[in-house]
Amino acid sequence: MPIQRPKGTQDLLPGTIEQWQYLEETIRTVCRAYGYEEIRTPIFEATELFQRGVGQTTDIVKKEMYTFLDKGDRSMTLRPELTASVCRAYVENKLYGQPQPVKLYYMGPMFRYERPQSGRFRQFHQFGIEVLGADQPVVDAEVISLVWNLYQRLGLTQLEVHVNSVGCPTCRAKHRKQLQEFLTPRQNELCNDCRERFERNPLRILDCKNPTCQAVTSGAPTTHDTLCEDCSTHFERVLVLLGLAGVVYRVNPRLVRGLDYYTKTAFEVMVEEIGAQSAICGGGRYDGLVEEIGGPPTPGIGFAMGLERVLAALQVQNQLPEQKPKLFAMLIALGEKAQNEGFSLLSTLRAQGISVSMDLLGRSLKTQLKAANRLGAQYALILGETELEQNLLLIRDLTLGEQIEVPLVEAVEEIKKKYQRGV
Ligand code: ATP
Ligand code: MG
């Protein structure tokens, strides 16, 4: 039996990879427009970072982590998300000593041991941003508007942007008490997970996908009901700014984030058309996190976006660009002498950034022309024995079927002209 890739992982092959590159390039352009810089952190970290930074009561830490002992008996974990890593890097590299806020973005694979299904993988990719060192509502609005702007640029529609405030630790303690009081008489109707959450993290019960739990919690006190004045003013200001940025949003008082360190603003973006796994982006403010992992008290806010799901949505909505022809020209050299001449022509053209290929299997003219067409080449550059004798190159336009002969010494100039006309 040939070896197969692990469950829940993917091979991204040519034909699909162009869509990824398009998405990644668009993301980088938008990040640049907003003044964000890229950060790259390790694929694995000390397990403790995620236990503390993501939170012991979360699904991620409780059941989804790829954790292993390295040969030095240290417990390591493949990153399941990147906020904790970025905060660690901020502290470890003393980025708090630089002008604040620090505005970072990242893109790359994350790992979670989950049940693979459509839109849910064990290795998946996230784009995310983190802003550290600023607590003003305008930061929250900037972050959400970046997401909105990216989706506009990609042409995504049918979006639902949900925003809420989960408050500060003071509001949350109040809410937690009210929520527990509300749920106490109906505790045994909850699912097993939620019964466990009741003591440790009752807020998460509002987030449970189980229909029975959802029925039990409909009408439960929301985080909105217990916001202190400061959190409430902050939230109102975020909403005003979102309006000014043209973001179409909905306040969803039931929206809570599964992670322990979130404070104040929380948000999520959904696209219903991609099925059950409809959340394409989730984020919020986490003013307590940097301190939690041993840094100075530092406010932070960010989000993470699932790229597989964004691509699925773009696919459904027919928003992925047509693939451009990949190859400008195919060099067809027949015989060793022609190959020598052609090979040197090829390296001159390639050095100028013009994409040209040549046959690597010593095939016939007919087969090579077929291959050139299949690769979407616009021109065939033909160098046979006759051409070589007369020091000529045959340039055939594969779309029009026309051809011209040029002296070999002028070939580079002529091809360059055609290339520049095309770009
Ligand atoms: P879900 O409720 O779908 O499990 P989550 O709350 O675990 O999502 P986050 O940790 O907030 O998700 O991650 C942010 C985004 O990353 C999600 O909105 C989703 O688009 C994407 N994502 C999360 N887990 C996966 C996965 N296993 N496969 C593909 N994408 C994922
Ligand atoms: Mg999850």
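Count residues from 1 along the sequence. Keep in mind the model is a prediction, meaning the values are calculated, not measured. Both ligands and their constituent atoms are indexed starting at 1 by order of listing.
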Please could you name the atoms of ligand 1 that [X] approaches to less than 4.0 Å, counting only its heavy atoms?
| X | result |
| --- | --- |
| Gly306 | 15 (C), 16 (O), 20 (O), 21 (C) |
| Gly119 | 28 (N), 29 (C), 30 (N) |
| Ile280 | 18 (O), 20 (O) |

Within 45° of the ring axis of Tyr66 and under 6.0 Å from its six-membered ring centre, is that where the NZ or CZ of Arg112 lies?
->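 Checked: cation-pi criterion not met.
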
Is the closest N or O pair between [X] and ligand 1 shorter than 3.5 Å?
| X | value |
| --- | --- |
| Phe124 | no |
| Arg112 | yes |
| Met305 | no |

Return yes if some donor-acceptor pair links the side-chain N/O of Asn93 with the main-chain N/O of Leu95 below 3.5 Å, else return no.
->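 Such a contact is absent between Asn93 side chain and Leu95 backbone.
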
The single option from Gln180, His175, Gln178, Lys177 passing side-chain contact (heavy atoms from CB on, under 4.5 Å) against Pro202 =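 Option passing the side-chain contact (heavy atoms from CB on, under 4.5 Å) with Pro202: Gln180.
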
Just say parallel, tilted or perpendicular for the rings of Phe328 and Tyr379, cut-offs at 30° and 60°.
->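 Ring orientation, 0 to 90° scale: tilted.
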
For Glu308 and ligand 1, answer yes if some heavy atom of the residue is under 4.0 Å from a ligand atom, otherwise no.
->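 Glu308 does not count as a contact of ligand 1 under the 4.0 Å cut-off.
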
Kindly state whether the ring of Phe303 and the ring of Phe127 have centres lying under 6.0 angstrom apart.
->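 Between Phe127 and Phe303, which both carry aromatic rings, the centre distance is below 6.0 Å.
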
Quick one: pull up CD1 in Ile301 and NZ in Lys103 and give me the separation to the nearest 0.5 Å.
->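 Output value for this atom pair is 12.0 Å.
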
Backbone, side chain, both or neither: what part of [X] comes under 4.0 angstrom of ligand 1, heavy atoms only?
| X | value |
| --- | --- |
| Arg120 | both |
| Gln126 | side chain |
| Lys209 | side chain |

From CA spacing to verdict: salt bridge (charged side-chain N to carboxylate O under 4.0 Å, His left out), Arg285, Asp140 | CA-CA 7 Å; Arg285 183 163 274 292; Asp140 310 31; 2.7 Å; yes

